[in-house]
Every structure is written in C-alpha cells, then in structure tokens.
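Before any comments, here is the structure.
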Amino acid sequence: MTAGTRPRTAPAPRPSVAATEPYDWEASTAEVAARAGLPPDAVIRFDTNTCPWPGATLDDLAAEPLNEYPDPTYARLTAALARHAAVTPTAITVGAGADEILGLLATAYLAPGDPVVVADPTYSMFGVLSAIAGATVSRVPAPDLRLDRRRMLEAAGRARLTWLCNPNNPTGELLPLEFVGALAAATQGVVVVDEAYHEFCQLTAVPLAVARANVVVVRTLSKAFGLAGARVGYAVAGPAITATLTRVRPPGSISGVSAALAVHALERPDEMRARVRALLQLRARLATEIAVLGLPVREGAGNFLLVGCPPGLAPALAARGLVVRTFPAGSPLQGWMRITVRAAAENARLVEALRASGVSDGR
Ligand code: PMP
C-alpha cells in the first residue's frame, strides 16, 4: 500500500461493538503475584468458581494424533455428555466452554434492537454478548439479592431472548423449576437457562428443554468436573434450537486433547460426585467459620459464598495472594465479595487471613 492510500484512522467496528462495555477480565495469577511480591504458586484464586481438583490430567490420555483435526461431530464427547445429562445425543451441542455456547446463542438469535432480558446481578457475559449483538437489554432487579420474579415474567413476555442463570452467579439463588417453566410459557422468545453450577444443586431444566421448543440449557465442565482449563461446555435443547446452534457452531473449537479430557472425566461420574460432596461440606464449614468472624455470609446453591466485604479487605487479602471477586461501585453487590469454596487447606488460609485482618463490617 502506498502512503497516499493508507487510511488515517483505524476502521471502526460495528456500532454495537464500539459501544459495548467490555467484560471485566480478572487479573492473571502472574499479575496478582507480581503486585503482591509473591511467587505465582503462592496465589490462590477464590474468584473464579473453579474446582480445586482436576477432573482429568494429560497423563490419563492415550496419545492424540495432533497433526489431524478433532472429529468435527465430537461423537464420543457428545455421547458422554448425553449420558451425563440423561438425554439423547441429538439434544446436545458442544462448545469451547459454556461461554462459546452463550456466544452462539447470541449470534443465532439476536439482531440489533432485539429486546433481551437479564437479571441484575447475574453472570455478566449475558449483558456483554447481548450488547455486542446490538440488542436492547432490560435488567430485572433482585432486591435483597432475590430476583423479582413477577417483573422477570413480565419482561420476558416481550423479549426475543431471556437469560437466566440457575443457580445464579453471583448471588447463589436457586429458582424453582416451576418458575423456569412459567418463564418459558410466558414468552415466544428463547429462554436460556445457564446451569454452570448444576452439579452442586442437582435441580435441572433439562426436561423442560427437551419438552419445550423455546428452552435451552447451557452447562460446563469447568466447575464440578474440574476442567476449566480444557474449555468444554454444551447445550441441551430440542431439535429446532439444536439445528440452529449447529449452523453457527465452528467445526473444531474444542481441541482433541480437551475433548479426550472431557470424556475421561465424564466416564467417571462417581469421582465428580465425590468432588461435589466434598465441596458442599467444605462450603458449609467455610460459611460457619467466616460467620463466626462477624462477616455476613450468604450460602447459595453453587460452589461459592457471598460474604460482606468492608472497604480495604479485598486488597488486604490480595497482598497475601488470596484473590476474591469484588464488585464495582454502583453494582447491587457493592460491599460484597464472592468467594469460591476451595480445598480445606486453602480455605483455612483464607479464614486465617480474614481473622488476621481483624475486620468485621458490623452489619
Ligand atoms: N456461565 C456461568 C454462570 C459461569 O459462572 C461461567 C464461568 N464463570 C460460565 C458460564 C463460563 O463457563 P466456561 O468456563 O464453560 O466458559
């Protein structure tokens, strides 16, 4: 290109992309460690809602032929997911994490100006993906961190797509299936039920997704299956939504290694159940130990707790390499932190740090 034809300004992205408030990425472990002056292995992530134990390791795998593409139908993975979800393989769409599936749903169903409904607070990617698509987002409040169900039903009636996280990240609230069913019946639009934390509470809208043409359940292997690093998620839906997702799904977004790790973990459901049982016991113990220190604790249905967070506490924890999820000023969760339940020794380090900080917000 000659100097005369070189554009003076960078090309603009689509207007909705330019206007999107980006997802608030967590700091990397290396960044947290550098700021605290600690080695990276001294950092403990209480902010990512992952599992302290891996559901599979590379040593578990037979050699993968890495010169070839993975099976584009992901037949073994799909069959293993279908067994776990108790549906037929034709109801499953696989993706690189639940996040990719959520993105596929936005791509497939949202056009600029489409009305979309989300709870506030909920998983922030719902809002980000809707904004990128140019949809018009209505936020339904959750006074006292409990969803205003009447308003959600009302708003869903006018929506092209309704995002629901059950149990909800970050409040931990678990809505009954009757409500999810009422939501599906109240709208002609798509109802996305994000069940990333399903294994910790067992309740599921999968039967609803199979029975109703407008419901899709989204799940992940990043939580109870301990494979966040492998990036495997899936959707469960009826034939129409599944066909639509298949149209927009890229052919090879899950690596062959990740698919094999996922199959290994899925074929060992007892190990997953043992992890879940252990984490539920650890959640109860951590909630009690924190409450004793005088901080308010809300124990929800996921692998995390919401804990009152007086000013200065999160930085004091970060200085010890303990990262919690905090929320910005103006968020309904300002003054709270979300804490992932981790292994016993890691939780003990957190409780010790809370005790040493001597804080109680006196609520
Ligand atoms: N949905 C919810 C509610 C989540 O909390 C998360 C992870 N934080 C995701 C989806 C993304 O999961 P994945 O790792 O499978 O992309």
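Just follow the structure's listing: the first ligand is 1, and inside any ligand the first atom is 1. Predicted model only: the values in this text are computed from it and were never measured.
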Answer yes or no: is there a side-chain heavy-atom contact under 4.5 Å between [X] and [Y]?
X      : Y      : answer
Glu21  : Val128 : no
Glu173 : Leu147 : yes
His84  : Glu199 : yes

Taking the six-membered ring for Trp and the single ring otherwise, decide whether the centroids of Tyr197 and Phe304 are under 6.0 Å apart.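 For Tyr197 and Phe304, the ring centres are under 6.0 Å apart.
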Contact table, ligand 1 N/O with protein N/O, distance under 3.5 Å:
{"unit_1": "ligand 1", "atom_1": "1 (N)", "unit_2": "Asp194", "atom_2": "OD1", "d": "3.3"}
{"unit_1": "ligand 1", "atom_1": "1 (N)", "unit_2": "Asp194", "atom_2": "OD2", "d": "2.6"}
{"unit_1": "ligand 1", "atom_1": "5 (O)", "unit_2": "Asn169", "atom_2": "ND2", "d": "2.9"}
{"unit_1": "ligand 1", "atom_1": "5 (O)", "unit_2": "Tyr197", "atom_2": "OH", "d": "2.7"}
{"unit_1": "ligand 1", "atom_1": "8 (N)", "unit_2": "Lys223", "atom_2": "NZ", "d": "3.1"}
{"unit_1": "ligand 1", "atom_1": "14 (O)", "unit_2": "Ser222", "atom_2": "OG", "d": "2.7"}
{"unit_1": "ligand 1", "atom_1": "14 (O)", "unit_2": "Arg231", "atom_2": "NH1", "d": "2.7"}
{"unit_1": "ligand 1", "atom_1": "15 (O)", "unit_2": "Ala98", "atom_2": "N", "d": "2.6"}
{"unit_1": "ligand 1", "atom_1": "15 (O)", "unit_2": "Thr220", "atom_2": "OG1", "d": "2.5"}
{"unit_1": "ligand 1", "atom_1": "15 (O)", "unit_2": "Ser222", "atom_2": "OG", "d": "3.3"}
{"unit_1": "ligand 1", "atom_1": "16 (O)", "unit_2": "Ala98", "atom_2": "N", "d": "3.2"}
{"unit_1": "ligand 1", "atom_1": "16 (O)", "unit_2": "Asp99", "atom_2": "N", "d": "3.0"}
{"unit_1": "ligand 1", "atom_1": "16 (O)", "unit_2": "Arg231", "atom_2": "NH2", "d": "2.7"}

Taking the basic N atoms (NZ, or NE/NH1/NH2) and the acidic carboxylate oxygens, is any pair closer than 4.0 Å for Glu352 and Arg355?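 Arg355 and Glu352: salt-bridged.
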List the steps and the verdict of side-chain contact (heavy atoms from CB on, under 4.5 Å) for Asp99 and Tyr123. CA-CA 11 Å; Asp99 278 346; Tyr123 184 45; 2.7 Å; yes
